[in-house]
Amino acid sequence: MEKITAIRGFKDILPEDSDTFWKVETIARNIFKSFGFREIRVPIMEKTELFQRSIGETTDIVEKEMYTFSDRGNDNLTLRPEATASIIRAYIEHNMYAAEQITKLFTIGPMFRRERPQKGRFRQFNQIDVEMFGEDKPQSDAEVIFMLMYFLNSAGLNNLELEINSLGCGKCRPKFSPAVIDFLLKTGKGSLCPDCERRINTNPLRVFDCKVETCASIIANAPKIIDFLCPECEEHFSQVKSFLNDLSISFSINTRMVRGLDYYTKTAFEVKSTVLGAQNAVAGGGRYNGLVSFLGGPEVPGIGFAVGCERLIACLPDENSNAFKTDIFIAALGKQAQKKAFGLTNELRRAGVIAEMDYSDKSLKAQLKKADKLNSSFACIFGDKEIEEKQAVLRNMHTKEQQTIPVDELPKSLIKILKER
RNA sequence: GUGGGUGUAGCUCAAUUGGUCAGAGUGCCGGGUUGUGGCCCCGGAGGCUGAGGGUUCAAGUCCCUUCACUCACCCCA
């Protein structure tokens with residue numbers, strides 16, 4: 001029989017790693033809460049149209065990475081490649097903008113992108129996603145970035161680089177794009193890499209991101225977005241920088257950072273780790289002031305970011321040994337003891353004690369071996385003999401010290417000892 | 001989608017120019033006398049050498065195909 005394996009790029013998160021995910025998510029929830037963000041859980045699938053409209057028809061995500069299919073009712077559906085679109089959809093659908101001026105939301109869960117897997121990149125991966133609606137003040141940009149950095153540091157990340165940029169708005173971008181295209185056609189024609197030649201027509205701003213050396217050297221002299229910002233965007237950007245400085249957040253300005261999704265305006269930012277390899281972006285985000293209305297909602301500004309959980313965990317120093325610990329192992333010897341121990345073990349568990357036993361009536365030696373393997377702090381030796389003498393033995397597995405406990409006080413005194421240690 | 005690397009016991013890896021090559025360590029199970037774990041010693045289970053085809057007297061070892069994993073490009077978290 002041929003064995004069935006998981007889908008390519010889809011990973012099982014095994015118990016050892018699951019603990020780490022749990023820790024990271026808990027830190028996120030607690031920190032976000034203190035900034036006033038509340039959790040929203042949105043579906044994993046949406047109508048394809050939602051992503052096409054929000055992310056942009058010509059982006060790589062929409063063009064070739066989405067898991068899109070028709071279901072049995074011929075509805076055109078897509079497994080979400082990111083969370084922002086779904087959250088905005090929910091925000092509009094439930095008229096959340098009417099209930100309050102500012103809405104702060106976050107969600108945690110899996111995203112799907114059909115890319116070629118590599119280090120730090122999977123087809124199903126988890127993101128922690130944060131969105132804030134209704135506020136356009138530069139403080140909010142700084143607040144969100146500050147919260148992100150605070151979270152990443154709290155999760156245990158150290159070697160991080162924060163890069164920010166401004167992408168302008170609907171007023172300044174139309175002036176900038178033609179300037180870039182013009183420059184590329186004049187200066188770069190023929191010397192750009194094939195990908196960039198193509199980008200001139202499809203998405204000229206992306207040329208800025210190219211890593212090919214010849215392209216990079218050409219682009220070094222290209223017009224910069226920040227030189228084209230309208231007075232409003234310029235003021236906003238300088239305020240953001242100023243507030244970040246006030247919050248002691250160090251950053252660098254990357255005028256070539258453009259980000260892959262079409263909807264960003266004004267502030268864009270990215271957090272990179274130096275220890276990850278090629279896929280070094282741990283988190284990224286930005287402002288998207290036109291998107292809510294573009295998706296059918298009111299004119300409400302928004303800003304948000306996403307953190308890649310797998311990438312975050314990948315750059316965590318791997319000291320955390322998530323060894324499973326057991327409080328007590330009940331070593332039952334004999335038929336009668338087995339029967340009573342079964343009740344005892346479950347009684348202990350009901351009291352919140354991590355208790356284990358063995359059902360096969362093995363030798364005491366084998367059972368203690370098992371207790372040791374389970375990383376048990378204590379072993380309770382509980383045989384027919386102990387029942388006879390009405391005294392069970394409690395063995396401390398670290399110190400080897402043993403004490404006797406009256407059998408008829410059994411669950412109670414064990415719970416007491418274990419809770420008080 | 002494109003390119004490179006890799007695929008041998010649960011895990012990490014060995015197997016001279018194709019010729020007893022199917023191994024080691026670790027892990028797992030058991031034992032080292034009567035009811036006391038970790039160390040040590042001994043024993044045991046466990047592999048159609050990723051899959052399919054070909055060359056050969058003979059193939060983990062060569063060739064082809066395929067699948068998977070992995071790294072990089074592309075793009076992004």
**OP:** Quick one: the dot-bracket string of RNA chain B, using Watson-Crick and G-U wobble pairs with both distances under 3.5 Å, [ ] for crossing pairs and | for bases paired to another strand.
**Re:** (((((((..((((.....[...)))).(((((.......))))).....(((((..]....))))))))))))....

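- Take A:Asn280 and apply the side-chain contact (heavy atoms from CB on, under 4.5 Å) test, not counting sequence neighbours, and it matches A:Lys272, A:Leu276.
- Residue pairs meeting the ring pair (Phe, Tyr, Trp, His ring centres under 6.0 Å) criterion with at least one member in residues 366-421 of chain A: none, sequence neighbours excluded.
- Listed nucleotides: B:G37, B:A77, B:A72. Nearest to the side chain of A:Gln118: B:A72.
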Please list every donor-acceptor pair under 3.5 Å in which a side-chain atom of residues 44-51 of chain A meets a protein atom from a residue at least two apart or in another chain.
from    : atom 1 : to      : atom 2 : distance (Å)
A:Glu46 : OE1    : A:Arg89 : NH1    : 3.0
A:Glu46 : OE2    : A:Ser86 : OG     : 3.2
A:Glu46 : OE2    : A:Arg89 : NH1    : 2.4
A:Thr48 : OG1    : A:Asn76 : O      : 3.1
A:Thr48 : OG1    : A:Asn76 : OD1    : 2.8
A:Thr48 : OG1    : A:Leu77 : N      : 3.4
A:Thr48 : OG1    : A:Leu77 : O      : 3.3
A:Thr48 : OG1    : A:Thr78 : OG1    : 2.8

With the criterion being N/O to N/O and under 3.5 Å, what pairs connect the protein with nucleotides 1-9 of chain B, and how long is each?
from : atom 1 : to       : atom 2 : distance (Å)
B:U2 : O4     : A:Arg116 : NH1    : 2.4

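- One can place NZ of A:Lys370 at 17 Å from C1' of B:G38, the figure rounded to the nearest angstrom.
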What are the atom names and distances for every N/O pair under 3.5 Å that joins the protein to nucleotides 27-35 of chain B?
from  : atom 1 : to       : atom 2 : distance (Å)
B:C29 : OP1    : A:Lys373 : NZ     : 2.6
B:G30 : OP1    : A:Lys362 : NZ     : 3.4
B:G32 : N7     : A:Lys365 : NZ     : 3.3
B:G35 : O6     : A:Glu386 : OE1    : 3.4
B:G35 : N1     : A:Glu386 : OE1    : 2.9
B:G35 : N1     : A:Glu386 : OE2    : 2.8
B:G35 : N2     : A:Glu386 : OE2    : 2.9

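- Residue pairs meeting the side-chain hydrogen bond (donor to acceptor under 3.5 Å, both in side chains) criterion with at least one partner in residues 24-34 of chain A, sequence neighbours excluded, are A:Arg29-A:Glu39.
- In this structure, A:Arg8 reaches the B:C69 phosphate: one of its side-chain N or O atoms is under 4.0 Å from OP1 or OP2.
- Residue pairs that meet the ring pair (Phe, Tyr, Trp, His ring centres under 6.0 Å) test with at least one member in residues 334-368 of chain A, sequence neighbours left out, are A:Phe342-A:Tyr359.
- In this structure, A:Phe329 reaches neither bases nor backbone, as no heavy-atom distance under 4.0 Å exists between it and the strands shown.
- Within a heavy-atom distance below 4.0 Å of RNA chain B, no residue of residues 26-42 of chain A is found.
- For residues 131-156 of chain A, every residue pair satisfying the salt bridge (Lys or Arg N to Asp or Glu O under 4.0 Å) rule, not counting sequence neighbours, is listed here: A:Lys104-A:Glu143, A:Asp136-A:Lys266, A:Asp136-A:Arg287, A:Asp141-A:Arg287.
- Within the structure, salt bridge (Lys or Arg N to Asp or Glu O under 4.0 Å) pairs that include any residue of residues 370-391 of chain A comprise A:Asp358-A:Lys370 (at least two apart or interchain).
- By the salt bridge (charged side-chain N to carboxylate O under 4.0 Å, His left out) test, A:Arg38 is found to be paired with no residue, residues two or more places apart in sequence or in another chain being considered.
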